[in-house]
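What follows is one structure encoded as structure tokens, with my remarks underneath.
Each chain gets a letter, A, B and so on, in the order its sequence line appears, and its residues count up from 1.
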Amino acid sequence: MVVDSAAILNGLSRAFLLFLIASGLSLIFGLMGVVNFAHGAFYALGAYLAVFVFGFSDSFLVALFVAPFLVALVGIAAEATAIRPLYGRDPIYQVLLTFGVSIVLDELIKFVWGADPLRLATPAAIGGVADFGFISYPAYRLFIIGFGLVVAAALWLFIQRTRVGIIVRAGTLDSEMVEAMGINVRRVFTGMFGLGVGLAAVGGVVASPLLGVYPSMGTEILIEAFLVVVLGGLGSVRGALLGALIIGMAQGLGAFYIDQFVGLLLFVIMIVVLLVRPYGLLGQPGFVEH
Amino acid sequence: MTDRDTPKRRSFLKYVGTTGAALGLAGCTGGTGGGGSSEAFTLGTLAPQSGGFSASGPSVVQGDELAVSQVNEAGGVNDQDVEMVVRDTETDPNAGARAARELVQQEDVDALSGAVSSSVGLAVAATANDEEVPYIGGIGSAAIVQGDCREYVYTNNPSTHMVATGTIPYLIDEQGTSDIYFITADYTWGQTIQQTYEEIVPASGGNMVGSSFAPFGANDFSSQISQAIDSGADTLMMTLWGQDQVKCVNQLIQFDGRQEFDNVAMAWNSIALNRSMDSVEGIYAGAPYYWGIDAEPNTEFVSAYEDEYDEKPPMASGMQYGSTTSLLDAAQEADSLSSDDLAAELEGWTNDPYYKGGDQEFRPCDHQNISDWFVMQGKAEGDMSESADFMELIERRDGSEVVHDCFDACQGLPAWS
């Protein structure tokens, strides 16, 4: 039936949007143990910079690649100057600091672009509705699903198959030992922080044509991103994908059949999962403590 | 160093001395005047300068600033320039109430205005009434005069009943609407409007073929839109606030949903939101204020606003300007700085012509302002002749047609007349 496939596609497009944001959050936590409260602000910054870049280039594709790159540079600067001195301290310092970074970025956004919402139009090439006979569905949402799959695959290959990926995985398990092997873990940390917030920015750019560009967008998405990451298991990119699929599908199907209870449904899922597996679906016991 | 310090210190002391003497003098005159003609009227403006509705903060302040400066150019209140003090509500009820109390106790304001959002408005209303200072609620504050019947509290914002009855009967009578699907905000504001829809839609000859709800800050409207399209309704009515309305319109356009309905309507319109919508072409919208209202006082207001702030007045500015102009006119009319005299003057206060043109009244039974409701239709991008020219006014509905009956609960009101 038409109704069902639309609800499933709604859920999938939501899931891959969440994955783009949550994967970076999970990556940063997994490697550095930093709970990045500024992740939402970097997501918003990505969207605003995309509007800025689009203004020059008139191309969504250029904005999609350039804006996250700029955000990654901001992230690298923030890590190198503010977050780095706090490694090895109590995590509460990092929480306070990243929260502070998010306030600074939020105010900066309002200072530069103002408080009124802006707009990043759907790219014309994928603006219409794709018709498959049995279902017609917005092409842009199909693009989100496809793009999310590509990013997930690329991230998996990067972590599993490249040299940096090996260092990242090793660093996640025991960063002291990796350092003892003569690898500059600090530099890897900085790079991965850049990659993580860059992914948040990619999420921000991709979300803009659906949700608009407005100052509180980062705060709104951050809660859902944390939900995904905690559900999937802190520090696991695969977990982020699984968590995003569960939350996204619950939202997509839930909004279709039990619209007034969706908010509740998400937290019921969360409670059940945490009761059965307190470390998340694909997380490892004791991981958070180290 | 000492040489340079001495003269500075002396001039400082001199300055303090003069100011002190001046203050003493002012205090003295005030005392002998007995609340008389020499005191300046002070307005306390509450604006969300931080928090969830901070986007409206500047609009609230600008609307009040313009009203105050125009009144001052015309001679002020009580033969003195009106002073204005602004405080941040942080879009939070507790912070809003605290700000209101500070304005009354520390700044000694004669009246309060502003606050955006009903929860903040309710907290400010309770404080204002306790402190016995007149308060006209700002945008989103309709609830402050419902149920609690406070003698010092007034609102200029249309009630949810006015929002619900403003647009739908027009669509049914004039635009051939019969089967309506509703996408409604799932919190007090939306739910209350939805309840009124359930009464007025059948009464006006329409059918409610389905409804779905979206929580505040919902990001994805795809399910609601898919269901609306599948419902076979000829009209889609969206009752959403702020950015949620933008998301829903843009996602509707991505679904090619505009073509699935004869009529698409928004219960509440704002030009700040129209700006970030992909297209508003053909979409109906209701509002208590739009800068394009064709009435001379409004045209004057719009050009004064544009001269000052270089933009068309958004709804929050227009509403705020209206409230504060009424407040200051009433204060001038009351010819007294006593808050009881001002509150009594506001009850039943009519302004004709009001800045929107036409009659308006703070009706005595519940202090709700009754003013006209406007139905508009979105223009195609090519037809917009200037900035913020998003809508065409197509219908002006008389306030008395759309307003709810007086609440029986408010036995204590009218309090003054």
Side-chain angles (χ1 to χ4, degrees), chain A residues 1-3 5-7 9-11 13-14 17-18 51 106-107 110 114-122 126-131 135-141 207-217 219-221 223-224 248 251-264, chain B residues 48-59 91 183-184 186-187 191 210-227 229-231 242-257 259-260 270-279 311 314 388:
Chain A
M1 184 49 199
V2 181
V3 176
S5 34
L9 287 173
N10 290 344
S13 58
R14 184 80 196 138
L17 191 58
L18 282 175
V51 174
D106 280 350
E107 291 302 318
K110 275 194 242 176
D116 281 343
L118 304 178
R119 165 182 166 214
L120 185 63
T122 318
I126 43 176
V129 166
D131 197 348
I135 182 176
S136 45
Y137 198 72
Y140 187 72
R141 284 175 183 264
S208 296
L210 286 183
L211 312 179
V213 179
Y214 54 103
S216 62
M217 62 188 294
T219 333
E220 279 174 18
I221 207 80
I223 297 166
E224 281 175 52
Q251 284 181 326
L253 295 174
F256 219 91
Y257 299 108
I258 47 164
D259 55 349
Q260 279 169 305
F261 301 101
V262 179
L264 192 67
Chain B
Q49 292 173 314
S50 53
F53 289 158
S54 58
S56 308
S59 313
T91 325
I183 298 179
T184 302
D186 195 12
Y187 50 93
Q191 286 158 353
S211 308
S212 52
F213 296 87
F216 183 68
N219 281 318
D220 200 345
F221 287 88
S222 52
S223 300
Q224 289 88 340
I225 291 167
S226 317
Q227 282 174 316
I229 292 173
D230 288 345
S231 74
Q243 189 68 20
D244 293 359
Q245 183 67 77
V246 176
K247 294 171 192 168
C248 194
V249 167
N250 287 356
Q251 293 178 28
L252 180 74
I253 292 167
Q254 285 161 3
F255 268 88
D256 261 355
Q259 286 83 321
E260 305 283 339
S270 144
I271 54 169
L273 301 176
N274 294 155
R275 200 169 285 129
S276 55
M277 289 173 180
D278 285 343
S279 162
E311 60 172 9

*Could you pull out all residues at least two apart from B:T91 that satisfy side chain to side chain donor-acceptor pair (under 3.5 Å)?*
none

Please round to the nearest 0.5 Å and tell me the distance separating atom [atom1] of [X] and atom [atom2] of [Y].
| X | Y | atom1 | atom2 | result |
| --- | --- | --- | --- | --- |
| B:E311 | A:D116 | CD | CG | 7.0 Å |
| A:D106 | B:S50 | CG | OG | 12.0 Å |
| B:D220 | A:L210 | CG | CG | 7.0 Å |
| A:Y140 | B:Q251 | OH | CD | 11.0 Å |
| B:S226 | A:L9 | OG | CG | 9.0 Å |

_Taking A:A139's backbone N and O only, do any of them form a donor-acceptor pair with B:Q254's side chain (distance below 3.5 Å, no angle check)?_
no

*asked:* Donor-acceptor pair, distance only, cut-off 3.5 Å: does the side chain of B:S223 make one with the backbone of A:G252?
replied: yes

Measure distances from [X] to the heavy atoms of chain A and classify the residue's part below 4.5 Å as side chain, backbone, both or neither.
| X | result |
| --- | --- |
| B:S211 | backbone |
| B:N219 | both |
| B:D186 | side chain |

Given that the side chain runs from C-beta out, which part of [X] has a heavy atom under 4.5 Å from chain B: side chain, backbone, both or neither?
| X | answer |
| --- | --- |
| A:I221 | side chain |
| A:L118 | backbone |
| A:P117 | both |

_Partner chain A: residue of B:D256, B:D244, B:N250 with the largest heavy-atom pair count (under 4.5 Å)_ = B:D256

*What residues form a ring pair (Phe, Tyr, Trp, His ring centres under 6.0 Å) with B:F255, not counting sequence neighbours?*
A:Y137

*List the steps, then state whether side chain to side chain contact (heavy atoms under 4.5 Å, CB included) holds for B:S54 with A:K110.*
CA-CA 10 Å; B:S54 58; A:K110 275 194 242 176; 3.4 Å; yes

_Just so I understand: if I count every heavy-atom pair under 4.5 Å between each of A:R141, A:Q251, A:E220 and chain B, which residue has the most?_
A:R141

*Among the listed options A:P215, A:P209, A:G212, the residue most often paired with chain B at heavy-atom distances under 4.5 Å*: A:P209

*Which pair of non-hydrogen atoms, one from B:Q243 and one from A:L211, has the smallest distance, and what is that distance?*
NE2-O, 3.0 Å

